[in-house]
Every structure is written in structure tokens, then in C-alpha cells.
Participant: 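Below: one structure in C-alpha cells.
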Amino acid sequence: MINAHDVDWSTCHLPDQVCGVPGHLTNMLSTDPETRDKAFEEFHQEAHDQGAVDPCTAASLPLLFGMADDPLTPDRAKIVRLLLGIGRAALNYDPEGVYFTVNGLESKAHVEITAAMPERVDAFVRHAADPDPLVRRPAIEAVGLFSADGERAVDVLAGRLAAEDGIVERLLVVHTMARLARRLRATGPTVMAWLDQLIDGPARPYADSPVRLAALAHRALLEPGRDTPELVPRAIALLREITATPTAEKPCDGCRWCRSCRYVRGQEVTPTVRPAHLAADFFDPDHIWEEYSPISSVVRALHTALGDRIPDRTALLVAQLTSPDVATRYDAIAMAMDLPGSLPRPVLTRLLDMLSDDLAATQIISGGFSRWQGGRLTIASEDTELLLDALADHMTSLRTAHGPDVWAADNPLIRQAYQEAVMTLADHRDPRALPDLIRSLETRVDDWRSLYSVGGYPQAADQLVPLLADGLRDIDPDRPQAPIPGSLYLSCLAELKDPIAIPVIADTLTWAGRHQSWTMVTSALGALAAYGPAAQPTHTLVRSLTNVPNDAVRTAARATLDALTGRQEPQPARSGSYEQEPPY
């Protein structure tokens with residue numbers, strides 16, 4: 001195996017610059033796991049940061065291939081996966097493009113790496129038959145991605161399907177074969193015939209229901225225009241076969257489901273429901289962080305093939321959302337959010353049925369309906385009442401199970417699911433959200449969330465304005481934007497437009513001007529302007545601000561004067577008004 005110190009690294013950097021890559025490569029062979037982990041991290045930072053490739057990356061290839069070939073190398077799977085990532089990244093570059101390294105050197109490393117990978121495909125073929133499945137997986141992908149000889153790649157991959165006994169590896173082979181057909185068009189007829197044989201051929205040990213479903217999905221992707229009315233019914237039947245009985249639970253090995261339900265907002269929680277795992281980990285490079293079940297990447301491919309055939313996709317999603325397998329149901333939530341247009345009623349109904357599961361509720365409400373979390377679901381106007389009633393019922397059930405103050409529940413998962421439901425109701429100005437919004441302002445627990453919505457409840461101004469006024473009074477004049485921006489309180493008062501708020505806005509304007517907190521002054525002026533002539537008593541206070549040494553404040557003050565007077569000449573001050581000369 002080549003030694004890292006036998007390579008001339010000087011061409012990878014500017015003169016007198018030290019290259020750390022040879023040290024990282026050496027440390028990848030350390031007997032200490034922590035040293036190896038740090039070496040991989042540092043290699044990525046210096047030679048493969050965010051998928052970049054440069055001369056250091058290209059110079060590393062012979063050493064990385066040598067390390068992967070040596071059975072004594074620790075972390076061989078990580079080495080092969082790194083090689084796959086480097087090769088894939090190089091393919092993403094424009095072969096005719098001119099690129100520069102971070103230190104300004106012109107680099108053609110992507111061309112060198114792209115040329116090297118097909119020459120090294122024999123190594124990937126060997127690794128695809130390695131005893132370790134974690135080595136085989138990236139090698140299988142590499143065979144399909146880098147082989148120049150399409151016929152050979154088809155033979156290798158077809159042989160791997162017959163040899164593999166794991167669901168992850170089998171699905172990966174089908175996925176890779178379909179990708180090969182798209183990359184090397186000449187292999188298309190052979191690959192499609194192979195997929196047809198998997199779908200309709202005689203039963204074989206390796207052609208089980210998951211493989212048939214994968215073949216069906218990828219066959220549809222390769223020929224999306226083919227008229228196949230039986231496609232979705234067959235897919236649903238196969239999906240039901242696969243998930244009819246959830247697999248037995250086993251100790252978690254760090255899968256995405258358990259990671260996501262274990263930590264919410266950075267706090268560790270104990271999930272009330274655990275999934276039945278279909279596989280130990282997930283493999284699809286396009287969606288590696290998005291799916292809980294390996295079957296779901298196959299179903300997602302089918303959704304892609306169906307495109308705008310909404311009735312077919314609706315039927316498929318209903319089957320996913322009603323599956324007895326929890327991992328399948330969870331993945332269906334994300335796929336529902338990818339549907340174009342308004343959410344079909346059958347899908348919406350099934351999603352709302354899942355609200356009793358706290359993690360599902362958080363995902364559905366946050367990702368689907370909450371505008372603050374970037375909700376991706378569009379609800380037809382006739383379904384809005386159905387949605388709001390379901391969320392209100394969900395809130396009631398959480399209060400019954402966890403007590404009346406669920407907004408501030410200790411369990412972050414319960415807390416987030418409840419708060420997201422409240423905020424979604426508030427987005428629609430539903431009065432059922434109001435008690436929790438008021439309570440959050442009273443207790444100051446996550447009250448920042450309420451401040452984005454309480455302005456939409458003018459009917460409760462008599463309760464809200466005093467609470468908002470208390471928040472304004474507690475603001476530190478030296479830090480008016482922390483922890484909650486004072487301007488947020490002011491915007492709420494401006495939205496409520498209740499005259500009882502005018503004195504506290506005037507007081508805020510006074511102390512903000514005294515401390516020359518011009519951002520707060522501008523926000524307070526904007527709030528007064530929203531009241532129009534009703535805020536006329538503050539005229540003198542506002543007028544004094546037209547002479548301060550801040551352009552934005554002077555402009556805002558003049559605009560506020562126009563709003564207060566209706567663009568008329570100022571009227572004489574009235575007795576008992578808030579007119580006062582500012583103490584600054």
C-alpha cells in the first residue's frame with residue numbers, strides 16, 4: 001500500500017503552505033477509534049468540504065483505494081463510502097468548467113477523479129462481494145455509478161441481487177440498476193427486461209415482495225409514459241404484503257426515527273411509542289435523512305413516477321398512512337407534503353387520525369400546517385373547519401392526559417405538539433387558541449410564540465393589552481431586542497388598535513428616546529401611526545422627534561404626524577393629554 005508521505009503534496013497548495021491531508025490519511029489507520037474519527041472529520045474539512053474536490057482530494061485516491069483493499073484497515077466501510085462520495089461529487093462538476101481552490105489555485109481535480117473512477121471499478125466490484133454489508137453497500141452503488149462497461153455492470157449487479165439476503169442490499173441493487181439504465185442508455189432494454197422478470201417472473205428467494213415493489217417503481221420511472229392502469233393497485237397489494245405484520249422490535253442502533261423522537265428542541269425525551277424497524281439503517285443516497293423505512297425510498301420513487309396523477313397518488317398515500325407499520329406511516333407524512341395542490345380529503349383525514357401519536361402530531365402540524373415552521377400543506381377552504389376541529393380536539397385530549405397547562409409541559413415532545421396545534425388555530429384567528437395565548441403571556445413561557453398571533457384577537461384587547469404593556473415595561477433599555485424584541489410587543493399593540501394601549505406606547509417612546517434606542521423609537525412611532533387620529537394626544541411628543549440626529553426617526557416622526565393629524569395642521573393640545581416635552 002502506498003505511504004502517504006511518498007506522495008508529493010506540494011502541488012496541492014501554495015508555496016510554504018503545509019498540507020494536513022497526509023497526516024489525516026495516516027491517522028485513519030490508527031488503532032484508536034477517536035483518532036480515526038477525528039482524521040475522517042479533518043479530511044472532509046480540508047479535502048472534501050461540502051462535497052468539494054481539489055488537488056488534495058485527487059492525490060488521496062491511490063492511498064484511499066489501497067486502504068480499502070487492505071483487510072486489516074479499520075473502518076473499511078467508511079473508506080469505501082468516502083471514495084463513493086468523492087467520485088459522485090466529481091461527477092457533479094462541469095467537465096469543461098474552470099474551478100479554483102480556496103487558496104486561489106486553479107484545479108482540474110474533478111476531471112482527474114472522474115477519469116480515475118472507471119479505471120478503479122474492479123476494486124468496487126470486489127468490495128461489492130465483501131463479507132461486510134457496510135462495505136458492500138457503497139461498493140454496489142459505485143459499480144452502477146462509475147462503470148464504463150454497461151453489460152458487465154448489469155451482470156455484476158444482477159449477481160449481487162441473487163447473492164444478497166438483506167432487504168437493504170436487495171433494494172439498493174434494484175435502485176442502482178435503474179440508475180445505471182438512466183446513465184448508460186444502451187443498458188436500458190436489458191435493465192427493463194430484468195425488472196419485468198422480477199415483477200412478473202416466477203417466484204424466487206431473492207424476488208420477494210419488497211424487491212417486486214422496487215422493480216415496479218423503478219420500471220415506472222424508466223418509462224413514465226407507459227399506460228399501466230394496474231400499477232398502483234399492484235403496488236398497494238405489495239405494500240400490504242410487506243407491512244401486514246410489523247417486524248419485531250429490536251434494540252435501537254441509532255436509526256433516524258429514534259434520533260428524532262429522542263431529542264426535541266435539544267432536550268432529551270422518552271418516546272411513548274417506538275417503531276417496528278424494517279431495517280437497521282437506511283441507504284438511499286438521495287433521501288438518506290428523510291426516511292424511517294427502507295421500503296419508503298421505493299414508494300417515493302413510485303410517487304415520482306406517478307407525477308401529477310393525483311388520484312393514484314392519493315390511493316397510494318392512504319395505503320401508506322393506514323399501514324400497520326409505524327415507519328411506513330411516518331414516511332407517508334413527508335410524502336403527503338410533496339403532493340401538488342390542495343391536500344385531498346382522504347389524505348387529510350388519515351393524517352388527522354394520526355394526531356394521537358405525539359411525534360406524528362408534531363411532524364404533521366409543524367411541517368404541514370404551521371406557517372411559522374414553513375408548513376407545506378395547502379388545505380382546501382371547505383376542509384379548513386375539519387382541520388381546526390381536529391386540532392382543537394387534539395388539544396383537548398392532551399389537556400386531559402397531561403393537565404391544563406400543556407403549553408408549558410415538561411416533556412418537550414408533548415409541549416411542541418400542543419403549541420404547534422395552538423399556533424395553527426391562531427393562524428386562522430380561531431378563538432379556541434386564545435386561552436393558551438393569554439396564559440403564555442401571563443406565565444412568560446414561550447410567550448414569544450404568542451406575540452406573533454395575539455394581534456389578531458382585537459375582541460380580547462382588554463385582556464391582552466395589559467399583558468403586552470407589562471412585557472414592554474420589563475424591557476431592558478440597554479438591550480431592547482433581547483430576549484424578545486420590544487418592537488414585537490409594539491406591533492401587537494398596533495394590530496389590536498385599542499386606545500387603552502396609547503399611554504404605554506407613549507411611555508415606551510419616551511424612554512426609548514431618552515436612551516437613544518432609535519430602533520425602538522421608530523417601532524413606537526409606527527405603532528402610534530397605526531392608531532391615526534386616536535393617538536392625537538401624543539402629537540407634541542412625536543413632533544419633538546422630528547429634530548433628533550437620526551434620519552430614520554425623523555422620517556418616521558413626520559409620517560406619524562401626518563397619521564395623527566390626517567395631514568391637517570396640528571390642533572392645540574387638550575388638557576390631560578400625553579403631550580409632554582421629552583427629557584432628552
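Both backbone and side-chain heavy atoms feed into the values below; hydrogens, waters and symmetry mates do not.
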Participant: Run the salt-bridge test on Arg313 and Asp308 with the 4.0 Å N-O cut-off and return the result as yes or no.
Facilitator: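 Not counted as a salt bridge, because no side-chain N and carboxylate O are separated by less than 4.0 Å.
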Participant: Once salt bridge (Lys or Arg N to Asp or Glu O under 4.0 Å) is applied, do any residues pair with Arg204, and if so which ones, sequence neighbours excluded?
Facilitator: none
Participant: Is it true that Glu169 and Arg160 make a salt bridge, defined as a side-chain N closer than 4.0 Å to a carboxylate O?
Facilitator: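 No salt bridge links Glu169 with Arg160.
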Participant: Do the side chains of Asp54 and Lys108 get close enough for a salt bridge, i.e. N-O under 4.0 angstrom?
Facilitator: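 Judged by the 4.0 Å cut-off on N to carboxylate O distance, Asp54 and Lys108 do not form a salt bridge.
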Participant: Would you find more than 12 non-hydrogen atoms of other residues, nucleotides or ligands less than 6.0 Å from Asp165 atom CG?
Facilitator: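 No, not enclosed.
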Participant: Do Glu141 and Arg88 make a side-chain contact, defined as non-hydrogen atoms from C-beta onward lying under 4.5 Å apart?
Facilitator: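 Side chain of Glu141 against side chain of Arg88, heavy atoms only: contact under 4.5 Å found.
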Participant: Mark yes when over 12 heavy atoms from residues, nucleotides or ligands other than Glu230 sit less than 6.0 Å from its CD; otherwise mark no.
Facilitator: yes
Participant: Between Arg212 and Asp200, does any side-chain N to carboxylate O distance fall below 4.0 Å?
Facilitator: no
Participant: Do the ring planes of Trp448 and Tyr452 sit parallel (below 30°), tilted (30 to 60°) or perpendicular (above 60°)?
Facilitator: perpendicular
Participant: Are the charged groups of Asp149 and Arg152 less than 4.0 angstrom apart, N to O?
Facilitator: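 Not counted as a salt bridge, because no side-chain N and carboxylate O are separated by less than 4.0 Å.
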Participant: Report the distance from atom CG of Leu351 to atom CD of Gln363, rounding to the nearest 0.5 Å.
Facilitator: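 Reported value, rounded in 0.5 Å steps: 11.0 Å.
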Participant: Taking atom types as modelled, is there a side-chain donor on Gln320 or Asp331 under 3.5 Å from an acceptor on the other?
Facilitator: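 Side-chain D/A pair, Gln320 to Asp331: absent.
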Participant: Would you call Asp70 and Arg76 a salt bridge, using N to O less than 4.0 angstrom?
Facilitator: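 Looking at Arg76 together with Asp70, the answer is no, because their closest N to O distance does not fall below 4.0 Å.
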Participant: So, Thr243 and Ser323: side-chain donor and acceptor under 3.5 Å apart, yes or no?
Facilitator: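 Yes, a side-chain donor-acceptor pair sits under 3.5 Å.
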Participant: Got a sec, which residues hit side chain to side chain contact (heavy atoms under 4.5 Å, CB included) with Gln45, two or more places apart in sequence or on another chain?
Facilitator: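 With sequence neighbours excluded, Gln45 shows a side chain to side chain contact (heavy atoms under 4.5 Å, CB included) to Glu41, Glu42, given in chain and number order.
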Participant: Do we see a donor-acceptor contact under 3.5 Å between the side chains of Asp357 and Tyr330?
Facilitator: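 Side chains of Asp357 and Tyr330: pair found under 3.5 Å.
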Participant: For Asp75, is there an ion pair with Arg36 - N to carboxylate O distance below 4.0 angstrom?
Facilitator: yes
Participant: Look at the aromatic rings of Phe124 and Phe146 and report parallel, tilted or perpendicular, splitting at 30° and 60°.
Facilitator: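 Taking Phe146 first and then Phe124, their aromatic rings sit tilted (interplane angle of 30° to 60°).
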